[in-house]
Undergrad: 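The structure under discussion is supplied below as structure tokens; questions concerning it will follow.
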Amino acid sequence: MKILIASDLHGSEFYTRALIEEADKRKADKILLLGDLYYHGPRNPLPKGYAPMKVAELLNGNKDKIIAVRGNCDADVDCMISEFPLCKDVQLFVDGKTWFCTHGHGFSFDNLPPLPFGAVFLQGHTHVPVRTEKDGILLLNPGSVSLPKENSANSFLWYDGEFHACTLAE
């Protein structure tokens, strides 16, 4: 299975379009989104190409591929414009491993749910890419597609049996 994993689009049509192009180019089976899809949030600047309804159109055009969790900037109205489920947390089973997917404002690297040894915990929220391990659990954050922080790049993860950190070209 080939999965593109991204977070924190924050309404950027520019970066969402680039992300969808990456998914198409890489022939992704699924696009896993870890929240904060449409709204930029009160503490963030407007991202390049801010157009939340255009982001909704792009994502809805790929609704059969999308698995999404709800972020702290995602509101009830975002669920209404999304033609795919926008869930609080999602647990997946990929290649024999448990993946727990969340935005990161509830469960987080510092507040893990009960997970089996060898599981993968995926979160967004911080806008900073992370890859580390804790008690036999792989902890991953793809960073932010549109509003990276701490001098990181516009980033996402690619899974093709292994996890790869990737960046979007400007």
Undergrad: Tell me, please, which residues at least two apart from Gln91 pass side chain to side chain donor-acceptor pair (under 3.5 Å).
TA: none
Undergrad: May I ask you to say whether Asp76 pairs ionically with Arg70, meaning some side-chain N is under 4.0 Å from a carboxylate O?
TA: yes
Undergrad: Does any N or O in the side chain of Ser146 come within less than 3.5 Å of the main-chain N or O of Ser12, such that one atom is a donor and the other an acceptor?
TA: no
Undergrad: How would you list, by chain and number, every residue that makes a side chain to side chain contact (heavy atoms under 4.5 Å, CB included) with Ala56, sequence neighbours excluded?
TA: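 So Ala56 forms a side chain to side chain contact (heavy atoms under 4.5 Å, CB included) with Tyr38, Asn60, Ile81.
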Undergrad: Sequence neighbours left out, cut at 3.5 Å: what donor-acceptor pairs do the side chains of residues 99-124 make with other protein atoms?
TA:
from   : atom 1 : to     : atom 2 : distance (Å)
Thr102 : OG1    : Asp89  : OD1    : 2.4
His103 : ND1    : Leu34  : O      : 2.6
His103 : NE2    : Asp36  : OD2    : 3.1
His103 : NE2    : Asn72  : OD1    : 2.9
His103 : NE2    : His125 : ND1    : 3.2
Ser108 : OG     : Asp110 : N      : 3.3
Ser108 : OG     : Asn111 : N      : 3.3
Asn111 : ND2    : Gly106 : O      : 3.3
Gln123 : OE1    : Phe109 : N      : 2.9

Undergrad: How would you list, by chain and number, every residue that makes a side chain to side chain contact (heavy atoms under 4.5 Å, CB included) with Ala153, sequence neighbours excluded?
TA: Thr167
Undergrad: Begin with the C-alpha distance, continue with both residues' side-chain angles, and end with the deciding distance and a verdict on side chain to side chain contact (heavy atoms under 4.5 Å, CB included) for Tyr159 and His164.
TA: CA-CA 6 Å; Tyr159 178 80; His164 309 275; over 6 Å; no
Undergrad: Spell out, yes or no, whether Leu32 and Leu86 are grouped together once hydrophobic residues are joined by side-chain heavy atoms under 4.5 Å, including indirect joins.
TA: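 Each belongs to a different hydrophobic cluster.
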Undergrad: Before we go on, tell me: are the rings of His10 and Tyr39 under 6.0 Å apart, centre to centre?
TA: no
Undergrad: For residues 54-84, which residue pairs qualify under ring-ring contact (aromatic ring centres under 6.0 Å, His included), counting only residues two or more places apart or in two chains?
TA: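 Non-adjacent pairs meeting ring-ring contact (aromatic ring centres under 6.0 Å, His included): zero.
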Undergrad: Any side-chain donor paired with an acceptor under 3.5 Å for Asn141 and Thr126?
TA: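 Distance-only check passes for Asn141 and Thr126.
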Undergrad: Kindly write out the residues that satisfy salt bridge (Lys or Arg N to Asp or Glu O under 4.0 Å) with Glu13, not counting sequence neighbours, or none if the list is empty.
TA: Arg17
Undergrad: Start with the C-alpha gap between Leu4 and Leu19, add the side-chain angles, then the distance that decides, and say whether side chain to side chain contact (heavy atoms under 4.5 Å, CB included) holds.
TA: CA-CA 9 Å; Leu4 187 142; Leu19 191 71; 3.4 Å; yes
